[in-house]
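Residue numbers begin at 1 in each chain, while the letters A, B, ... track the order of the sequences. Only heavy atoms go into these numbers, but all of them, side chains included; no hydrogens, no water, no symmetry mates. Source: prediction; values computed, not measured.
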Protein chains: 2
Amino acid sequence: MSSEASPEERGYHHGDLRRSLVAAALQLVEEQGLEAVSVREVARRVGVSPGAPFRHFENRTALLTAVAEEAQDRLLQAVEDSRRQQASNDPLEVFHAIGDGFLRWAFANPAHFLVVSTRSVIDYDSPGLRERNDGLRATMRQWMEQAAAQGRLKPGDIDRYVLGLRGLVYGLARMHIDGQFASWGRPPQHALEDSLAVLDQFMLAIQASPGSPASSPP
Amino acid sequence: MSSEASPEERGYHHGDLRRSLVAAALQLVEEQGLEAVSVREVARRVGVSPGAPFRHFENRTALLTAVAEEAQDRLLQAVEDSRRQQASNDPLEVFHAIGDGFLRWAFANPAHFLVVSTRSVIDYDSPGLRERNDGLRATMRQWMEQAAAQGRLKPGDIDRYVLGLRGLVYGLARMHIDGQFASWGRPPQHALEDSLAVLDQFMLAIQASPGSPASSPP
DNA sequence: ACCTGAACACCGTTCAAGT
DNA sequence: ACCTGAACACCGTTCAAGT
C-alpha cells in the first residue's frame, strides 16, 4: 500500500484527513515555528479547501491541542527512554535521568516544546493532555518518595522538591526557547550543557549530607 | 493642564501618540490578555486610524516590545522594592527577597509577565530589554558571590546556583501562567503560596550545613 | 458522510493623499 | 511633520451547495 494514495483513487480525500492534518501541522511547527501554523496553510499542505479542517476540529485551538498531544507523547517517550537507560535503581539517579531526558528533548525540539508549553494556543484542560501530565507527575513523586524513605533527602517537603525540580527544568527549557540565555554570560550554544549542570547541582543540593538529619530516616 | 486635551485643541492628535499607544496596549493586555492586543484595536482605543501606529512603531512586534519594556520596568521595580524591604544584610536573605518579589509580581500581574516572557511577540534583542535583564542578573550574582565568600553555600558553581534559582522562579511563574498548576494536586489558588515555599526550600537546600565544607570558606 | 468554495469579519502593513 | 483612508494579502470560521 502506498502511503499517499488511498480508497477510490482518493475520491474527495483519503480515509483519515484528521491524522493528515495533525501530521502536517506537526511538520509545519518544526519547519517554521508555531506562528506559521495557520489552519489555512495546513489545509493547503494537505491539499484540501480552507473549510475542510473544521469538519474535524472545532477550531484552530483544537487542532493545535491535537498537535500538542502528539508532541507530549514524544516528550514522555524521551523521558521514559532516558529513565530506562539509567541502569541504577538509585531513586535519585532515576529522578535525575528523568530531568535529564526532559531537558535534552526540550532543547532538541524547541518548536514542539513550545507547543506543549504554551497555553493561549492549546487547550490545557483537554483530558488527553491532563492525563499525560498527571502520569509524569506521579512517576516523579514516586521516585522522590523512595529517596525520602531511604533517608537520602535533606529535611523538607517532598512535594516541594518535586514541584521545584519540575519548575527548574521547565524554567530552563522555557528560558531557552524564550531566548533568555543570550544575556546569561555564556553563549547560547552551551545552554543545554549549562542546564544539565544546573540540574545536577540542584539534585546534589537537596541530598542529605552524610551524617546529617534526613527527611525520613529509615 | 488636562491630561486629555493638548496643543491646538489636538489638531490631528496630541503631542505623544507613541506614549498613548503603549499605555493603551498595556491596559488592553491587562484587561483582555495578550491575544487581544491588535494594532488596529489599540489604534481604535486611542482614536486614530489603523495606519497611524506605524508612524511610531515599525510593526506589531515593536509596539509589544515597548509594552514589554514598560512591564519589565515594573517587574524590576517590584523586585527592587522587595529587596529594600528586606532589612537584613544577609546575602541569602536578600537573594531570597529578590526571588520572592519576582514571584509575587508575576503572580499578581500574569498578563504583563506573559508579555515580558514571551518571545515570538516581542524583540528580545532590543537593547532596552537586554540592559534591564543584565542588571537583574548582575545583582543576583553579586549577592550570591557574597554568600559564597561568607562560606554560606554548599560547594558548587556560583553561576549555576544563580541560573538555577532564576530558572526556578521563572519556571514556577511560567507554569502558573501556562495553567500547569491545576494538575499539581493542590488547587491553583495556592500556586503562589506553593511557589514561595518551594523557593524557600531550595534556598535552604543550597546552604552549607553548619560544620560541612562550603563553597569558599572564609 | 465528507468536502468545496464563496462569503464575512477580522488582521498587519503600505502608501498616496490630505492638513 | 503627522495622520487619514483606501487598498492588499492574509486570517479563522461558517454554511450553502455539491458529490
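Using modelled atom types and a 3.5 Å distance limit, the side chains of D81(B) and Q77(B) yield a donor-acceptor pair.
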**Q.** Nucleotide pairing, DNA chain C (Watson-Crick or G-U, distances under 3.5 Å), in dot-bracket with [ ] and |
**A.** ||.|||||...|||||.||
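Of the candidates dT4(D), dT4(C), dT13(C), the closest approach to any side-chain atom of R55(A) belongs to dT4(C). Out of dT4(D), dC3(C), dG12(C), the shortest distance to the side chain of S49(B) is found at dT4(D).
Rounded to whole Å, the distance from CG on L17(B) to C1' on dC3(D) is 9 Å. The CZ-P distance, from F54(A) to dC15(D), rounds to 12 Å in whole Å. The nearest whole Å value for the distance from the CG atom in L64(A) to the P atom in dT13(D) is 10 Å. Computed from coordinates, the L63(B) CG to dG12(C) C1' distance equals 12 Å when rounded to whole Å. Following rounding to the nearest Å, R18(A) (CZ) and dA1(C) (P) show an atom-to-atom distance of 18 Å. In this structure, CG of N59(A) is placed 14 Å from P of dC15(D), rounded to the nearest angstrom. Rounded to whole Å, atom P of dG12(C) lies 13 Å from atom CD of E35(B).
Here H56(B) reaches the OP1 or OP2 of dC3(D): one of its side-chain N or O atoms lies under 4.0 Å away.
Contact of the T118(B) side chain with the L64(B) side chain is not registered, since no non-hydrogen atoms from C-beta on lie closer than 4.5 Å. V22(A) places none of its side-chain heavy atoms less than 4.5 Å from the side chain of E69(A).
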In a table with atom names and distances, give each donor-acceptor pair under 3.5 Å that connects a side chain of residues 52-63 of chain B to protein atoms at least two apart or in another chain.
{"from": "N59(B)", "atom 1": "OD1", "to": "T61(B)", "atom 2": "N", "distance (Å)": "3.2"}
{"from": "N59(B)", "atom 1": "OD1", "to": "A62(B)", "atom 2": "N", "distance (Å)": "2.9"}
{"from": "R60(B)", "atom 1": "NH1", "to": "V37(B)", "atom 2": "O", "distance (Å)": "2.3"}

Name every donor-acceptor pair, under 3.5 Å, that has one atom in a side chain of residues 105-116 of chain A and the other anywhere in the protein, sequence neighbours excluded.
{"from": "N109(A)", "atom 1": "ND2", "to": "W105(A)", "atom 2": "O", "distance (Å)": "3.0"}
{"from": "H112(A)", "atom 1": "NE2", "to": "L26(A)", "atom 2": "O", "distance (Å)": "3.3"}

Would you give me the side-chain donor-acceptor pairs under 3.5 Å for residues 187-203 of chain B, sequence neighbours excluded?
{"from": "H190(B)", "atom 1": "ND1", "to": "R186(B)", "atom 2": "NH2", "distance (Å)": "3.4"}
{"from": "D194(B)", "atom 1": "OD1", "to": "R186(B)", "atom 2": "NH1", "distance (Å)": "2.5"}
{"from": "S195(B)", "atom 1": "OG", "to": "A191(B)", "atom 2": "O", "distance (Å)": "2.8"}
{"from": "D200(B)", "atom 1": "OD1", "to": "H96(B)", "atom 2": "NE2", "distance (Å)": "2.7"}
{"from": "Q201(B)", "atom 1": "OE1", "to": "D157(A)", "atom 2": "N", "distance (Å)": "3.0"}
{"from": "Q201(B)", "atom 1": "NE2", "to": "D157(A)", "atom 2": "O", "distance (Å)": "2.9"}

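Nearer the 5' end of DNA chain C, as judged by each residue's closest nucleotide, is the contact made by A52(A), out of A52(A) and V37(B).
With rounding to the nearest 0.5 Å, the separation of CG in L129(B) from CG in D134(B) is 10.5 Å.
By the side chain to side chain contact (heavy atoms under 4.5 Å, CB included) test, Y124(A) pairs with S117(A), R119(A), I122(A), Y170(A), D178(B), Q180(B), sequence neighbours left out.
Shortest non-hydrogen contact noted between V46(A) and S20(A) is CG2-O, 3.7 Å.
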Q | nucleotides 6-11 of chain C: protein proximity per nucleotide (B base, S sugar-phosphate only, - neither; heavy atom, under 4.0 Å) | A | -B---B
